[in-house]
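Handing you a structure now.
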Amino acid sequence: MSTLIAIREASLSGNGGEYSPAKEKASNRGVYGGRSPLLRRFQLFLSGAKYKLVVLFCIFTFFSLLSSKISSFMGWNPHYPSSVSSPSRGGYTVLINTWKRNTLLKQSVAHYASCQGTDAIHVVWSENDPPSYKLRDYLKKVILKKSQTANKPNLRFDLNEEQDLNNRFKPITDLRTDAIFSVDDDVIVPCRTLEFAFAVWQTAPLTMVGFVPRMHWLNEEKNGAVHYVYGGWWLVWWMGTYSMVLSKAAFFHKNYLDMYTNKMPSSIQDYVSKGRNCEDIAMSLLVANATGAPPIWVKGKIYEIGSSGMSSFNGHSGKRNKCLDDFINLYGTMPLVSTNVKAEDSTLEWFW
């Protein structure tokens, strides 16, 4: 027994020194060991393989995000696997609606000629005088200069004798594409955003795919009469839903041009002609009535390079409300379908 006590005292006193309760307590706290157990575990973690893997993962994630952003800054555009310029799919026809704004028309044609998927550019011309030879020659030269494809887009003016908003949806003969991109002369959609929208349209070619969403909702119902309200962008943003995409920047199938002119109730065309408004609402109702499906809003940056349009005029909202009400009465039903789904190019976002 005395031997065991002597061994314990020697171990506690270091090199055979005297036993001290204070030294034993300090030793148990780790003071004499130099570092606490928690600190030693942390150092072991830092020196271990797990820590190295975590650091490597963080570095890889950081540089992946950085490179994706730098690539867009440097002008590198990946090619979407959507057969944008494939002969079998035909690309798309850009249908530009213009009226006495040749400067804007020149900018618009030059831009869309540079987009890879553009197969042809049609200008809806509704002025009394035909386009001058000088304007035609200028636009042809711009297309040859700006186009980045071997087969340059065709340019054609679709001439109309009267000023009528229905002109923008007249059937076009000899089209080589199923897809129509309808756009106002003062709206510029970046080519990369446009190609993405075209890829979305290819997944649902019977619906409208566009960049300017609008909505509707039931306002009141009295004495059997139903009234609807047309909602602009801020209401779409606030409510998080939409039921239309405007034809000022939208894809749709070429067959809808024929349906608008020859199969839609002629009373709606007369209404548009007299009121000089709401042809875009009429087209949205036509497509929704044909498909029973909602449109698709593509979230993307677009640029309006002209002055304020009709939407800035006093009373514009009231006129749109009346158009919507009157069109629905002519249809006899509400064909619009609301949705909260949107398409977005995730390669342009920081996070998935």
Where do Pro131 and Phe157 come nearest, in terms of heavy atoms and distance?
CG-CD2, 3.6 Å
Can you get from Tyr230 to Trp234 by hopping between Ile, Leu, Val, Met, Phe, Trp and Tyr side chains that sit under 4.5 Å apart?
yes
Hey, are Tyr92 and Glu195 close enough side-chain-wise for a donor-acceptor pair under 3.5 Å?
yes
Looking only at the aromatic ring of each residue, does the gap between the centers of Trp233 and Trp297 stay below 6.0 angstrom?
yes
Qualifying residue for side chain to side chain donor-acceptor pair (under 3.5 Å) with Lys170, from Thr261, Asp164, Asn160
Asn160
Under 3.5 Å, side chain of Ser182 to main-chain N/O of Ser247, donor-acceptor pair present?
yes
If only side-chain N and O atoms count, and only distance matters, is there a donor-acceptor pair under 3.5 Å linking Thr149 with Asn151?
no
For Pro153, run the side chain to side chain contact (heavy atoms under 4.5 Å, CB included) check against Val109, Leu144, Thr93, Thr118 and tell me which one passes.
Thr118
Does a donor on one side chain and an acceptor on the other come within less than 3.5 Å for Thr177 and Asp119?
no
Quick one about Arg101 and Ser108 (side-chain donor to acceptor, distance below 3.5 Å, no hydrogens or angles considered), yes or no?
no
Can you confirm whether the side chains of Tyr331 and Asn289 place a donor and an acceptor under 3.5 Å from each other?
no
Can you get from Tyr303 to Val245 by hopping between Ile, Leu, Val, Met, Phe, Trp and Tyr side chains that sit under 4.5 Å apart?
yes
Do the side chains of Val337 and Met215 join up, straight or via other hydrophobic residues, at under 4.5 Å, putting them in one cluster?
no
Evaluate Arg214 against Asp280 for salt bridge (charged side-chain N to carboxylate O under 4.0 Å, His left out), listing each step before the verdict.
CA-CA 11 Å; Arg214 295 293 183 263; Asp280 48 0; over 6 Å; no
How far apart are the closest heavy atoms of Ser273 and Asn166, and which atoms are they?
OG-ND2, 2.9 Å
Would you compute the distance between atom NZ of Lys254 and atom CD1 of Ile180 and round it to the nearest 0.5 angstrom?
8.0 Å
With distance as the sole criterion, is a donor-acceptor pair present between the side chains of His227 and Asn219 under 3.5 Å?
no
